[in-house]
Amino acid sequence: MGATTAAAVVLPQLPPSFPFAAEQTPSSSPTVVHSPDPTPLPTPVQTPDTPPPPPAAPTSPLALPCDTTTLMSVWAHQDDDLIFANPSLQEAVSNGECVRTLYLTAGDAGKGTNYSRSRELGILRAYNTMRGAQAFWDETSVTTLSGAHVTIFCRQGDPKLSVAFLRLPDGGLDAGGFVATGHASIPQLESGAIPALAPIDGGPPLSAPVLQQTVAEAITAWAPTRLFTHVPANSPLTQGDHPDHGATGAIVRAAAQSVGYPVDAIRYFVGYPSQKLPVNLSGDVLNHKVDIYRIYAKEDPVIACADNTACLARKGFGAWLQRSYPKTDAELGIG
């Protein structure tokens with residue numbers, strides 16, 4: 001045979017019936033049998049590369065360790081929680097829950113940072129009283145993923161307690177703000193009347209979306225079992241309330257909805273209008289609530305009171321202290 005490009009194997013003569021005897025040759029010549037082509041390998045199937053897993057979501061600098069359930073509360077001013085949300089707040093502290101509190105305004109009332117910081121000191125001392133032991137607090141300043149500047153105080157020796165401040169300007173009783181802070185307020189921001197609001201401590205101005213994102217980030221970072229705040233402004237329960245309260249409640253409610261926080265876990269506390277509702281606190285519960293409030297008030301010259309009787313005698317404050325009315329989302333009358 002002539003040359004071939006196929007591989008050849010020389011075998012002895014085989015009977016015609018042998019399967020591989022493809023052709024007969026004279027007996028004096030060897031039989032040359034071409035081996036069959038090897039079974040072709042399957043053509044590799046091109047599959048798309050497995051996409052890499054999505055990058056892990058960045059951790060918020062607001063994140064704090066907690067080995068138990070968490071109560072988060074968000075308020076307009078220092079002392080709103082002590083007046084409207086106690087004794088519920090005290091119960092959480094006594095039960096060993098992590099308590100994370102965020103104040104949106106500086107509570108400055110146009111009086112500047114010295115007055116605001118005195119109110120912050122009062123809150124830290126009031127929380128020590130709720131905890132039942134005195135302690136120092138560590139101060140940390142962080143910039144959230146949303147871009148907001150937040151100051152966080154964590155109680156030394158008890159990381160379960162923390163309070164955080166955004167220090168936005170107090171809006172006043174008419175939401176018109178104060179001369180010292182350019183007559184700006186959270187209600188104006190929340191309604192869209194102003195594009196941004198700058199903290200009184202020099203932090204970056206916040207737009208309404210960024211403020212809501214900041215609260216939402218805190219909800220995600222602290223993963224609260226329960227969430228306390230003010231009644232939102234569009235509820236009939238805010239008739240006669242401080243405008244900062246209603247704006248804060250509305251911002252918190254929207255932030256919670258944006259991250260899918262369970263609506264049943266939120267309680268909205270009636271503010272100034274609670275004085276028209278029946279007294280529902282008395283005895284030792286009321287006395288302890290006023291004790292805590294009085295510790296705070298020692299650092300707030302506007303409402304300082306010498307003893308519990310004097311605190312309860314203060315117009316407005318005495319009535320609010322004797323009441324606490326948490327409302328569910330369904331009770332807001334918003335729909």
Side-chain angles (χ1 to χ4, degrees), residues 73-81 83-84 102-113 115-116 119 143-151 164-219 227-259 261 266 268-273 302 316 327 329 332-335:
S73 63
V74 186
W75 309 100
H77 317 104
Q78 304 93 331
D79 82 354
D80 287 337
D81 46 350
I83 295 172
F84 304 116
L102 172 65
Y103 302 95
L104 298 193
T105 83
D108 56 291
K111 301 177 184 294
T113 57
Y115 176 60
S116 174
R119 297 190 69 177
T143 299
T144 64
L145 301 176
S146 65
H149 179 85
V150 181
T151 301
F165 303 93
L166 273 173
R167 295 174 176 161
L168 296 169
D170 188 331
L173 291 172
D174 62 357
F178 298 89
V179 174
T181 50
H183 292 289
S185 69
I186 286 181
Q188 296 173 32
L189 183 70
E190 195 265 335
S191 69
I194 58 176
L197 188 61
I200 70 168
D201 64 355
L206 306 181
S207 65
V210 169
L211 177 55
Q212 180 180 312
Q213 290 164 15
T214 302
V215 175
E217 182 177 331
I219 294 172
L227 176 59
F228 291 174
T229 191
H230 296 284
V231 173
N234 54 344
S235 168
L237 298 173
T238 60
Q239 294 295 324
D241 203 1
H242 195 301
D244 284 351
H245 296 173
T248 297
I251 291 166
V252 174
R253 186 171 187 259
Q257 291 174 341
S258 73
V259 294
Y261 188 78
I266 307 176
Y268 304 90
F269 285 79
V270 180
Y272 292 175
V302 174
K327 298 294 183 180
D329 198 271
L332 296 178
I334 295 175

Are the side chains of [X] and [Y] in touch, meaning some heavy atoms are under 4.5 Å apart?
X	Y	answer
Val231	Phe269	no
Pro232	Ile334	yes
Leu173	His242	yes
His230	Trp75	yes
Tyr268	Thr229	yes
Thr214	Leu145	no

Could you name each residue pair satisfying side chain to side chain donor-acceptor pair (under 3.5 Å) that touches residues 198-213, not counting sequence neighbours?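 Found Arg167-Asp201.
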
Show your working on side-chain contact (heavy atoms from CB on, under 4.5 Å) between Asp329 and Arg253 and close with a plain yes or no. CA-CA 9 Å; Asp329 198 271; Arg253 186 171 187 259; 2.8 Å; yes

Would you sort out whether Gln257 and Tyr261 count as a side-chain contact (heavy atoms from CB on, under 4.5 Å), showing the intermediate values? CA-CA 6 Å; Gln257 291 174 341; Tyr261 188 78; over 6 Å; no

For residues [X] and [Y], report the shortest heavy-atom separation together with the two atoms involved.
X	Y	answer
Ala216	Ser258	CB-OG, 3.7 Å
Pro243	Gly172	CD-O, 3.8 Å
Asp108	Asp170	OD1-N, 2.9 Å
Gly240	Pro273	C-CG, 4.3 Å
Leu237	Leu332	CD1-CA, 4.4 Å
Leu168	Leu197	CD2-O, 3.7 Å

Verify, without hydrogens or angle tests, whether [X] (side chain) and [Y] (backbone) share a donor-acceptor contact under 3.5 angstrom.
X	Y	answer
Thr144	Ala148	yes
Ser116	Thr113	no
Asp241	Tyr272	yes
Glu217	Ser146	yes
Thr238	Ala233	yes
Gln188	Ala175	yes

Distance flag, aromatic centroids of His245 and His77, threshold under 6.0 Å: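 Under 6.0 Å, so yes.
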
Drop me the distance from Asp244's CG to Thr105's OG1, to the nearest 0.5 angstrom.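 It comes to 5.5 Å.
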
Rounded distance (nearest 0.5 Å) linking atom CG of Leu166 with atom OG1 of Thr151: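 Output value for this atom pair is 8.5 Å.
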
Stepwise, does the side-chain contact (heavy atoms from CB on, under 4.5 Å) test hold for Ile251 with Leu189? CA-CA 10 Å; Ile251 291 166; Leu189 183 70; 5.9 Å; no

Considering the options Val215, Ile266, Leu102, which one meets the side-chain contact (heavy atoms from CB on, under 4.5 Å) requirement together with Val252? Val215

Regarding Asp80 and Tyr103, do their side chains bring together a donor and an acceptor under 3.5 Å, going by distance alone? no

Between Phe165 and Val150, is a side-chain contact (heavy atoms from CB on, under 4.5 Å) present by the stated rule, with each step listed? CA-CA 6 Å; Phe165 303 93; Val150 181; over 6 Å; no

Mark yes when over 12 heavy atoms from residues, nucleotides or ligands other than Lys111 sit less than 6.0 Å from its NZ; otherwise mark no. no

